[in-house]
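Since the structure comes first, as structure tokens, the remarks are kept for the end.
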Amino acid sequence: METLASILGGIGLFLLGVWLMTEGLKLAAGPQLRLILGNWTDTRLRGLCAGILITAIVRSSSAVTVATVGFVNAGLLTLRQAIWVIYGTNIGTTTTSWLVVLVGVKAGVEVLALPLLGIGMIVRLVSGQRARGAGLGQAIAGFGAFFLGIAILQSGFAGLTPYISGLDLPGASLFAILGFILLGIVLTMVTQSSSAALAVALTASAGGAIPLELAAAAVIGTNIGTTSTALFSVIGATAPAKRVASAHIAFNLLTGLVALMLMPVLLWVSIHGAELVGTADDIMLVLAVFHTMFNCMGVALIWPLSAHLERFLSSLYRTPEEDIARPRHLDSTLLAVPDLALRGLVLEATRLQALAFALTRDRIAGISRSRGVAERQQGILALGRQIRDFAGQLGGQALPATVVDALPDLIRATQHLDEIVLAADQLAPLVAPMEQAALEGTEQGVARESWQRLNDAIAGTLPPPPEQGEVPGDIETLTALAAQIEENYQSIKAGLLRATATGRLHVGTMETALLQAQRLRHAATEAIKAQRRLNRWQRFISDNQAVAAEPPPEIAESADRPD
């Protein structure tokens with residue numbers, strides 16, 4: 001019982017030390033770590049290095065995994081960036097093995113643990129309210145608890161060595177190897193820390209009571225078990241976060257499977273590798289080399305497969321928002337042919353226009369703000385951003401005059417459509433303000449007529465998408481609609497103000513109705529501006545012929561008008 005108490009106490013101290021280190025370092029260097037995770041992941045190699053570096057610093061691959069999933073949830077990391085950070089955490093967590101072997105065991109508890117605990121708490125107390133200093137002191141104390149836990153674990157497993165030796169464990173048995181892999185998985189899931197599970201596996205093997213093959217199997221199990229953190233962190237999360245968790249599971253399963261299949265070869269190499277930094281008789285050192293080797297091998301194996309895995313994962317957990325946001329007419333291959341890229345941009349902008357108009361019509365018709373409507377809104381806004389990003393990439397090279405002329409109109413049109421989508425979020429049916437106003441007599445009839453005319457004019461500014469081959473409406477029609485909308489808006493405003501002045505309409509009701517009319521006018525005005533800018537280029541695509549570089553007067557006037 002005393003031995004078991006020592007093992008439990010050692011695990012507890014180790015976990016406490018890891019927690020203190022993680023939270024302290026996040027407090028001391030949180031902004032810098034977030035900067036690395038957010039900005040240093042634009043390539044595969046940089047993402048991999050960021051994962052290794054941050055995991056080595058905070059001493060917790062679980063914390064980095066959860067943070068990465070959070071960044072993906074918030075839209076700050078793409079799937080490609082996140083999966084390479086995750087791969088990096090698997091290599092970064094191998095630093096725990098080396099810390100346990102080279103420092104925790106070799107140096108001894110009396111040299112490191114107690115002084116670090118004392119120094120850390122002194123720094124924390126002296127720092128007072130300074131977050132960075134307090135975090136640094138907490139991290140130093142965490143290192144002390146970390147090493148103290150290792151020492152107690154060593155002592156506990158030393159007491160168990162005679163009992164374990166008496167079991168005569170069959171190291172070469174496949175059943176025993178699979179059993180120890182399962183043991184490593186369970187231990188990692190229970191402690192929610194692969195570092196703690198690794199420390200247990202390493203210290204348990206220190207006396208040589210556990211055969212090398214079984215200890216290596218337990219190390220493989222800890223690597224697989226750490227995926228449980230990713231699984232727990234994506235419960236109720238977004239689709240991109242679920243894809244990141246799936247990438248984590250796929251990588252760790254692949255790495256574990258290959259390590260299991262090549263275990264005899266990898267252990268032979270690890271034994272000879274251990275001779276370079278110590279002695280092959282040191283099982284803990286051999287296991288540290290083994291752990292590092294098969295994780296690095298996993299990254300080498302996944303590197304050529306990563307693009308295929310990313311495409312496969314992108315097809316999973318698809319949401320309506322993502323289907324909307326995914327361009328149908330834009331592709332990076334078009335950038336090399338500007339004329340084709342222009343055609344793709346116009347077609348994609350026309351699709352964006354149809355989606356934005358449909359959403360606005362639904363909101364005016366009284367469709368409630370359900371989850372489906374919110375997803376449509378976010379998808380349309382994301383599509384607009386992708387169109388502008390593509391236009392920006394296209395603009396970074398020598399272009400024909402027609403394409404140069406078109407890009408400003410297309411970019412500004414997508415911005416107008418964004419405004420419509422954002423305005424639609426606050427729109428209500430046209431009839432609602434009239435029911436609130438409850439006007440009487442002739443004024444009621446005039447107001448209702450004005451609202452109906454405004455309704456008809458707005459419907460004209462939000463047409464359904466044209467049939468295949470149909471030529472878009474002309475600028476003269478849009479100009480007439482703009483004048484009609486302004487006239488009806490002014491009529492409604494005058495009627496509401498007159499009714500309020502004569503005491504037949506409450507001020508609050510008048511303001512609500514007037515605000516709704518303003519929102520409707522704003523949505524319609526933005527729709528007209530978007531159509532004006534798209535009209536010429538939609539006709540260009542429809543006619544499939546060159547157009548003059550100088551835009552028609554109507555477009556030039558709308559471009560000069562404040563937006």
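Atoms considered below: every heavy atom in the structure, side chains included; atoms not considered: hydrogens, waters and symmetry mates.
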Between [atom1] of [X] and [atom2] of [Y], what distance do you get to the nearest 0.5 Å?
X: Ile122; Y: Ile140; atom1: CD1; atom2: CD1; result: 10.5 Å
X: Leu399; Y: Leu407; atom1: CG; atom2: CG; result: 6.5 Å
X: Arg351; Y: Ile387; atom1: CZ; atom2: CD1; result: 8.0 Å
X: Gln81; Y: Ile86; atom1: CD; atom2: CD1; result: 12.5 Å
X: Gln378; Y: Ile324; atom1: CD; atom2: CD1; result: 10.5 Å
X: Phe290; Y: Ile220; atom1: CZ; atom2: CD1; result: 4.0 Å

Restricting to non-hydrogen atoms, name the atom on [X] and the atom on [Y] that form the minimum distance, rounded to 0.1 Å.
X: Ala349; Y: Leu410; result: CB-CD2, 4.5 Å
X: Thr226; Y: His248; result: O-CE1, 3.8 Å
X: Ala274; Y: Leu285; result: O-CD2, 3.6 Å
X: Ile177; Y: Leu214; result: N-CD2, 3.8 Å
X: Ala134; Y: Arg124; result: O-NH1, 3.3 Å
X: Ala215; Y: Leu287; result: CB-CD1, 3.6 Å

Under 3.5 Å donor-acceptor, Gln377 side chain and Val421 backbone: yes
Sidechain-backbone polar pair: Thr222 side chain, Val219 backbone, donor-acceptor under 3.5 Å: yes
Stepwise side chain to side chain contact (heavy atoms under 4.5 Å, CB included) test for Arg326 and Leu383: CA-CA 7 Å; Arg326 185 177 183 181; Leu383 178 61; over 6 Å; no
Can you confirm whether [X] sits close enough to [Y] that some side-chain heavy atom of one is under 4.5 Å from a side-chain heavy atom of the other?
X: Glu348; Y: Gln386; answer: no
X: Thr414; Y: Arg385; answer: no
X: Asn295; Y: Val299; answer: no
X: Met293; Y: Val269; answer: yes
X: Ile52; Y: Thr89; answer: no
X: Asn90; Y: Thr255; answer: no
X: Leu254; Y: Phe251; answer: no
X: Arg243; Y: Ile83; answer: no

Contacts of Arg44 that satisfy salt bridge (charged side-chain N to carboxylate O under 4.0 Å, His left out) - sequence neighbours left out: none
Aromatic ring pairing His291/Phe294, orientation class (parallel under 30°, perpendicular over 60°, tilted between): tilted
Verdict with reasoning, Leu212 to Ile271, per side chain to side chain contact (heavy atoms under 4.5 Å, CB included): CA-CA 10 Å; Leu212 178 60; Ile271 290 171; 4.1 Å; yes
Audit row: Trp303, Trp84, side chain to side chain contact (heavy atoms under 4.5 Å, CB included) steps and yes/no: CA-CA 10 Å; Trp303 193 286; Trp84 283 98; 3.3 Å; yes
Step-by-step side chain to side chain contact (heavy atoms under 4.5 Å, CB included) determination, Thr55 to Thr95: CA-CA 9 Å; Thr55 305; Thr95 58; 5.7 Å; no
Partner of Arg376 under side-chain contact (heavy atoms from CB on, under 4.5 Å), chosen from Leu381, Leu355, Leu359: Leu359
Residues Trp98 and Thr292: side-chain donor-acceptor under 3.5 angstrom: yes
